[in-house]
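Lettering follows sequence order; numbering is per chain, from 1. What you see below is based on every heavy atom in this structure, not just the backbone, and it leaves out hydrogens, waters and symmetry mates.
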There are 2 protein chains.
Amino acid sequence: METERDTDEGGTGTLGKAMAVLETVTLAERPMRFTDVLAVTRQPRGTLHRQLSHLVREGLLDLTPDHVYVPGLRLLKLAAASWARNDFRVVAAPHLERLHGHTGETVHLGVLRGREIIYLDKVESRQAVRMNSQIGNASPAYCTGIGKAALSALPPAALDAALRGPERRRYTPNTITALPALLAEFETVRTEGVAFDREEHEPGIRCVAAPIRDVEGTFFAGISVTGPAYRVSQEQLALWAPQVVEAARAIMAELPARLGPQR
Amino acid sequence: METERDTDEGGTGTLGKAMAVLETVTLAERPMRFTDVLAVTRQPRGTLHRQLSHLVREGLLDLTPDHVYVPGLRLLKLAAASWARNDFRVVAAPHLERLHGHTGETVHLGVLRGREIIYLDKVESRQAVRMNSQIGNASPAYCTGIGKAALSALPPAALDAALRGPERRRYTPNTITALPALLAEFETVRTEGVAFDREEHEPGIRCVAAPIRDVEGTFFAGISVTGPAYRVSQEQLALWAPQVVEAARAIMAELPARLGPQR
DNA sequence: ATGATTGTTCCATTATTTGGAACCTAGTTT
DNA sequence: AAACTAGGTTCCAAATAATGGAACAATCAT
């Protein structure tokens with residue numbers, strides 16, 4: 001009765017349904033009670049109750065005494081392990097440090113996942129904001145420096161897939177939302193080798209980014225230098241561009257050696 | 001045929017089995033290929049293959065072109081969200097900062113989960129080690145400062161459960177492994193209100209910790225000040241103890257207000 | 001007390017997982 | 001090159017777990 005959905009639905013298989021519920025609860029900005037989840041997921045009461053119970057039993061969610069579902073600690077433990085053992089991040093780390101040493105500004109490492117950039121690492125001198133505020137966070141690819149860099153490296157078919165769907169939000173006055181303009185922007189990025197974020201995602205925040213891709217065409221990522229507009233001019237970013245590109249190149253050069261013949 | 005296992009087995013339900021496989025791959029120190037996972041989980045080939053496929057489809061694992069399973073990015077995204085929205089951590093954060101301001105040494109916040117402490121947050125001045133090396137990491141409760149503090153606040157039955165099983169590793173010459181000695185130590189912690197880690201988990205690392213518990217007896221945590229033995233004497237730690245206890249008290253005082261009537 | 005809302009349990013029906021075996025594919029040896 | 005081997009993938013009847021409607025219990029507001 002629902003066989004016509006080939007799009008990336010979350011509800012594939014028992015695990016998929018469980019993950020969809022987990023994500024609903026975990027990514028919700030307000031803590032949810034049973035009825036809240038019920039309203040969002042629109043599943044039968046019995047079904048949802050059992051799914052939530054399983055998630056709690058597995059430590060992926062916690063149920064507080066006052067019947068509020070909150071993310072469980074097992075997620076943190078798993079994520080910490082996967083971060084620590086992520087070869088790409090380990091390979092890139094010294095290059096982030098070096099780039100930070102040259103520029104003095106915040107350096108980010110991000111990976112393209114679907115239409116989002118997931119931040120894998122960052123280096124900043126004196127963190128004014130609280131510590132790993134960024135790691136693991138997701139931002140839309142089409143309006144961030146790393147995102148535009150990664151997208152521009154994508155083969156045409158994959159790029160189409162990543163841009164499908166008309167929901168491109170305008171975060172700032174500079175956000176590029178029109179499809180033709182975006183495609184032109186990617187063309188520019190491809191020829192220049194670097195992408196700029198001219199306050200397109202957050203007002204007052206600029207960045208330069210360079211694409212990183214593996215040989216097999218499996219994954220696409222990027223490295224960037226980010227700074228506040230009042231301190232970092234567009235010209236300054238352009239001056240840093242070669243160093244960002246060089247860092248990306250150096251990381252790519254090390255990739256096959258580490259990611260290839262793994263054992 | 002296997003109905004006699006009431007202990008916390010990982011294999012309960014489809015989700016439990018999937019999580020067991022995910023954890024096997026994610027917590028393994030070397031990247032695993034299909035056959036490696038097969039050898040560890042001892043499941044039929046067909047079954048395991050489908051489970052792994054589902055995990056990959058859900059973004060919890062990635063399968064590299066050379067057939068190596070690695071942790072997926074979705075874990076990071078979920079963990080980042082749960083960290084950012086963890087009310088306990090948010091409440092505690094300013095108190096960690098203050099304690100760090102008083103002592104100048106590294107301050108940790110950790111929660112008891114089973115027989116492990118999961119580190120939720122930390123504050124340190126100039127991170128010599130790489131950034132959030134600690135957050136999300138798990139350490140055994142019986143030989144860490146926060147762990148001993150949290151365990152000592154446990155009701156007897158729960159404490160028994162947390163100490164069951166004879167596998168208490170001796171990490172350093174100072175690790176307390178004998179059960180009677182441990183119980184005596186907890187008694188001391190209860191009367192004094194603070195726990196000391198006298199290089200019991202890592203050689204050269206000392207800490208003072210105070211327990212944090214909620215009113216309902218639902219969860220148990222702790223806050224600690226940690227330092228290298230060459231710089232921080234046992235006497236210095238004892239001098240800091242009151243401030244650690246005070247920080248724990250202050251956090252507990254704020255807990256019900258925030259965690260209670262949540263909406 | 002009474003009614004309304006929220007959360008939990010039950011169980012026949014239905015869909016998914018299971019696991020043995022056959023089947024590919026790539027790399028190695030005779 | 002052919003035969004062998006090991007790693008990886010697909011198939012399908014049988015076993016198992018998930019589904020979801022409805023009854024039940026516990027809270028909360030009136």
Side-chain angles (χ1 to χ4, degrees), chain A residues 1-6 9-25 28 30-58 60-70 216 218 260-263, chain B residues 1-6 9-25 28 30-58 60-70 216 218 260-263:
Chain A
M1 37 189 68
E2 47 172 354
T3 38
E4 78 280 3
R5 40 186 52 164
D6 317 333
E9 259 295 327
T12 316
T14 307
L15 179 63
K17 293 168 199 161
M19 291 306 297
V21 173
L22 175 61
E23 196 157 276
T24 299
V25 174
R30 325 213 79 257
M32 297 179 99
R33 311 216 290 150
F34 180 81
T35 325
D36 304 324
V37 188
L38 189 61
V40 175
T41 61
R42 299 171 152 280
Q43 286 194 284
R45 304 163 73 81
T47 301
L48 180 64
H49 186 265
R50 184 178 29 71
Q51 287 172 337
L52 286 169
S53 302
H54 285 173
L55 288 168
V56 169
R57 210 199 320 285
E58 289 303 321
L60 298 171
L61 290 179
D62 279 342
L63 181 54
T64 69
D66 50 325
H67 300 276
V68 175
Y69 289 97
V70 294
E216 288 95 347
T218 300
Q262 217 135 8
R263 47 172 274 153
Chain B
M1 39 186 64
E2 47 172 354
T3 38
E4 78 281 4
R5 40 185 52 164
D6 318 330
E9 259 296 326
T12 317
T14 308
L15 178 63
K17 294 167 199 163
M19 290 305 298
V21 173
L22 174 61
E23 197 158 274
T24 298
V25 175
R30 325 213 81 259
M32 297 179 98
R33 312 216 297 154
F34 181 81
T35 324
D36 304 324
V37 188
L38 190 61
V40 175
T41 60
R42 300 173 150 279
Q43 285 194 284
R45 303 163 74 83
T47 301
L48 179 65
H49 187 263
R50 185 179 29 71
Q51 287 172 337
L52 286 169
S53 302
H54 285 173
L55 288 168
V56 169
R57 210 201 318 286
E58 288 302 322
L60 298 171
L61 289 179
D62 279 343
L63 180 55
T64 69
D66 49 325
H67 301 275
V68 175
Y69 289 96
V70 294
E216 289 95 347
T218 300
Q262 217 134 9
R263 47 174 271 155

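- C/dT8 atom C1' lies 12 Å from atom CG of A/L48, rounded to whole Å.
- To the nearest 0.5 angstrom, A/L63 atom CG is 10.5 Å from A/R33 atom CZ.
- One interatomic measurement links the two molecules: NZ of A/K17 to C1' of D/dA17, which rounds to 11 Å at whole-angstrom precision.
- Put simply, CG on B/D36 is 8 Å from P on D/dG8, counting in whole angstrom units.
- At D/dA18, one or more side-chain N or O atoms of B/T14 fall inside 4.0 Å of OP1 or OP2 (strictly under the cut-off).
- Atoms CD and NZ, from A/E58 and B/K17 in turn, are 11.0 Å apart once rounded to the nearest 0.5 Å.
- Rounded to an integer number of Å, the gap from CD of B/Q51 to C1' of C/dT16 is 12 Å.
- A distance of 11.0 Å separates CZ in A/R50 from CG in B/L15, rounded to the nearest 0.5 Å.
- Atom CZ in A/R33 sits about 10 Å away from atom P in C/dT8, given to the nearest Å.
- The distance from atom CG of A/L15 to atom C1' of C/dT17 is 12 Å, rounded to the nearest whole Å.
- The nearest whole Å value for the distance from the CG atom in B/D66 to the P atom in D/dG8 is 10 Å.
- Across every non-hydrogen atom of B/V25 and B/V37, the tightest pair is CG2-CG2, 4.0 Å.
- Across C/dG7, C/dT8, D/dT9, the shortest atom-to-atom separation from the side chain of B/Y69 is found for D/dT9.
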Please tabulate, one pair per line, each protein N/O and nucleotide N/O from nucleotides 19-22 of chain C that are separated by under 3.5 Å, including the distance.
{"unit_1": "C/dG19", "atom_1": "N7", "unit_2": "B/T47", "atom_2": "OG1", "d": "3.3"}

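- Applying the 4.0 Å criterion to OP1 and OP2 of C/dG7, one finds that A/H49 has every side-chain N and O outside that range.
- The shortest distance between the side-chain N/O atoms of B/T35 and the OP1/OP2 oxygens of D/dA6 is not below 4.0 Å.
- Nearest heavy atom pair, residue B/D36 against residue B/P31, reads OD2-O, 4.3 Å.
- Minimum atom distance to the side chain of B/F34 is reached by D/dG8, of the listed D/dG8, C/dT8, C/dT6.
- Out of D/dT9, C/dT8, D/dG7, the shortest distance to the side chain of A/H67 is found at C/dT8.
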Inset, instruction - List the steps, then state whether side chain to side chain contact (heavy atoms under 4.5 Å, CB included) holds for B/L52 with B/H49. - result: CA-CA 5 Å; B/L52 286 169; B/H49 187 263; 6.0 Å; no

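- Here CE of A/M19 is found 8.5 Å from CG of A/L55. Values are rounded to the nearest 0.5 Å.
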